[in-house]
Amino acid sequence: MTSLAKDIAPSTGGQPMVRAEAVHKSFGLSHVLKGIDLEVNPREVFCLVGPSGSGKSTFLRCINHLEKINAGRLYVDGRLVGYRQQGDKLYELKEKEVSAQRRDIGMVFQRFNLFPHMTALENVMEAPIQVKRETKAVARERAQQLLDRVGLGDRIGHYPAQLSGGQQQRVAIARALAMQPKLMLFDEPTSALDPELVGEVLDVMRDLAADGMTMIVVTHEMSFAREVGDSLVFMDDGVVVESGHPREVLMNPQHERTKSFLSKVL
Amino acid sequence: MTEISDRIPPPAPSVPPEQIKAIPVRHYGRWVAGAVIIGLLVLIGIAFSNAKINYGVIPDYLFDPGIVTGAWTTLYISVLAMLLGVVLGIVIAVMRLSSNPVTSTVAWVYIWFFRGTPVLVQLLLWYNIALVFPILNLGFYKDEMNQVMTPVLTALLGLGLNEAAYMSEIVRAGIQSVDEGQTEASHALGMTQGKTLRRVVLPQAMRVIIPPTGNEFINMLKTSSLAYAVQLPELIKKATDISSTSLAVVEMYFVACIWYLFLTTIFSIVQYYIERRYARGSSRSLPPTPLQRMRKYLRMFGSFRRPEVAR
């Protein structure tokens, strides 16, 4: 069996894959992130949990610069996200440079966001051809392998509308992996799925974790966090309330807010 | 893993239960309405056949060389003006959506002007553009404007630039109809704004853009007749030229109408197939083409088996 993420790019040195220092984000008057500090180590499965509106998805979207942060610093693999620092001054990166940073960060969305006008295979081949300028043959071969690995080798010619939600999400994971990212972001990957389809997506993510992919997972699947997660952060109202090993936080929460949240979801 | 096919319920038993035999409701109103409409159509037909129109000459002029070249001119000026309109329309739509206030304002003013004034006036303005720019000087090329502005170029600019204003609004609506998640997904994969537009957004916007664009093109085939005012030898110009010598005035308009109907019919069919192409992925199965549908009906009449389930 081939590995899902056999070509994980080696991280540069012993530094954390993601480091957030006092990250703030506002949308107009609403202050969504109020100073997030955290570190995600390479090969770690890092779970973000919390009530909706707590800012976990926003934080995830800041990591690949889909949202611009208003204050603080955010580093991925030692490099500032979206900016370049020279002395005390920050320079915004050009569109091309931002795109180049995003290549190494895969993202999986709650609503899949597959390209509906392309088949499963074409969805997976698109970015390697367009962004990495790979030849069709090379891209096709790896796309085929990845789709085999997520259990959809016999569905490569199907359009997203012809696939179930779980199948679409697995194609979306294969599409992100096709860029050979060193970090994968999952934004509530199973929240839009029928309960009976959640398992097949979590299985793929479990395999990916076993292969050593660095993953940040926003999720409500506490059992997945407990089983697969290496660290867990509980966020509420834009701040980190509690963090630690998933089993400790989930079994033995320290803060009242964590306790009341977990009592409702567990 | 659950396959889609696993969840489809077993097919219904093929022998239907006894059919209900009931006396249907009588729709007397439908009979009355049908009779009235047919009566009116017959009256209109009688009126036209009694008119002082010499229908006999219409077939004689239908393939008159002048008329055929006129129809050809109508066709190619429409296609070229439409191409100009679509390309420029996309550019203006992107400008309109851009975050640069200068480009979006310029696009807004363009649409405001070209949509807000009659095409005929715009054509006449291009025809008289030499009043503003007597000499055209492109550096490598210099000539008197009156020499440059041939009827074809005048019609092309007049019709094409006007069309661009309408097309840009159609394209803008199409672009805005594409889910924002699509842009995010392609940005997250490292695609730039331009790539995202070309590879992800526009192909999906096409589904929204094409039906009104077909409409615009069919409109263009007929609006091109206004270019008759700038001496373009298109269908109406040719028809009036002939009528002035043959004295068959209304008959020549009938000839022109037959050609316009022929051209619009052809392009309605082309539009259907283009729409079908861009429907890929938007539904589980494509609608049948008219040919496929006809074959299906034939099969149904040939044997009384149940029609095959569409793939």
Side-chain angles (χ1 to χ4, degrees), chain A residues 61 63-67 94-96 98-119 122-124 126-132 150-152 154-155 158-164 166-167 170 172 175-176 178-179 181 185 187 194 196-197 199-200 203, chain B residues 1-9 94 97-100 103 174-211 274-287 309-311:
Chain A
R61 294 158 58 81
I63 296 175
N64 66 355
H65 209 53
L66 283 180
E67 305 288 356
K94 289 188 200 124
E95 193 206 346
K96 275 210 164 123
V98 173
S99 296
Q101 279 192 335
R102 285 180 181 144
R103 277 186 218 177
D104 296 334
I105 307 172
M107 187 161 190
V108 175
F109 299 87
Q110 183 178 354
R111 304 237 38 120
F112 328 135
N113 295 348
L114 288 180
F115 304 135
H117 55 304
M118 300 181 191
T119 62
E122 288 165 348
N123 262 283
V124 181
E126 180 68 9
I129 291 175
Q130 293 297 326
V131 179
K132 281 191 166 174
V150 298
L152 294 171
D154 57 341
R155 288 275 186 280
H158 286 57
Y159 287 99
Q162 298 166 323
L163 298 171
S164 73
Q167 291 171 335
R170 285 185 282 151
R175 177 177 71 174
M179 289 299 284
L185 309 176
D187 188 4
D194 289 347
E196 61 170 339
L197 303 180
E200 60 190 64
D203 284 345
Chain B
M1 185 177 31
T2 342
E3 304 297 342
I4 293 179
S5 55
D6 291 348
R7 283 180 273 122
I8 293 172
V94 172
L97 292 171
S98 116
S99 43
N100 180 337
T103 50
I175 289 176
Q176 286 178 334
S177 76
V178 177
D179 181 30
E180 215 177 320
Q182 293 290 311
T183 317
E184 283 185 359
S186 77
H187 283 173
L189 285 166
M191 289 165 83
T192 55
Q193 197 80 43
K195 276 241 161 73
T196 302
L197 187 69
R198 266 202 317 284
R199 299 285 310 172
V200 176
V201 176
L202 277 182
Q204 294 181 58
M206 288 307 258
R207 224 164 46 80
V208 178
I209 292 173
I210 284 179
I274 298 178
E275 274 178 34
R276 199 170 171 277
R277 170 135 193 333
Y278 280 100
R280 277 181 320 170
S282 63
S283 58
R284 280 163 199 238
S285 60
L286 290 175
V309 179
R311 190 184 62 82

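By convention in this document, chain letters (A, B, ...) are assigned in the order of the sequence lines, proteins followed by strands, and residues within each chain are numbered from 1. Just so it is clear, the structure is predicted and the values come from calculations on it, not from any experiment.
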Practice problem: Identify the residues of residues 104-111 of chain A whose heavy atoms come closer than 4.5 Å to a heavy atom of chain B, ordered by number, or report 'none'. | Solution: Ile105(A), Met107(A), Phe109(A)

Exercise. Measure Ala176(A) against the heavy atoms of chain B and call it side chain, backbone, both or neither at under 4.5 Å.
Key: backbone

Quiz item: Which region of Gln101(A), side chain (C-beta onward) or backbone (N, CA, C, O), has a non-hydrogen atom less than 4.5 Å from a non-hydrogen atom of chain B, or is it both or neither?
Solution: neither

Self-check item: Flag if over 12 foreign heavy atoms under 6.0 Å of NZ, Lys94(A)
Solution: no

Quiz item: What's the shortest heavy-atom distance between Lys96(A) and Thr192(B), and which atoms?
Solution: CG-CG2, 4.5 Å

Exercise. Over all heavy atoms of both residues, which pair between Arg199(B) and His117(A) is shortest? Give the atoms and the distance, please.
Key: O-NE2, 3.0 Å

Residues 181-190 of chain B, side-chain donor-acceptor partners within the protein, below 3.5 Å, at least two apart:
residue: Gln182(B); atom: OE1; partner: Gln204(B); partner atom: NE2; Å: 2.8
residue: Gln182(B); atom: NE2; partner: Leu114(A); partner atom: O; Å: 2.8
residue: Glu184(B); atom: OE1; partner: Arg61(A); partner atom: NH1; Å: 2.9
residue: Glu184(B); atom: OE2; partner: Arg61(A); partner atom: NH1; Å: 3.2
residue: Glu184(B); atom: OE2; partner: Arg61(A); partner atom: NH2; Å: 2.7
residue: Ser186(B); atom: OG; partner: Thr183(B); partner atom: O; Å: 3.3
residue: Ser186(B); atom: OG; partner: Thr196(B); partner atom: OG1; Å: 3.0

Quiz item: Using a cut-off of under 4.5 Å for heavy-atom pairs, which of His65(A), Met179(A), Glu95(A) has the most such pairs with chain B?
Solution: Glu95(A)

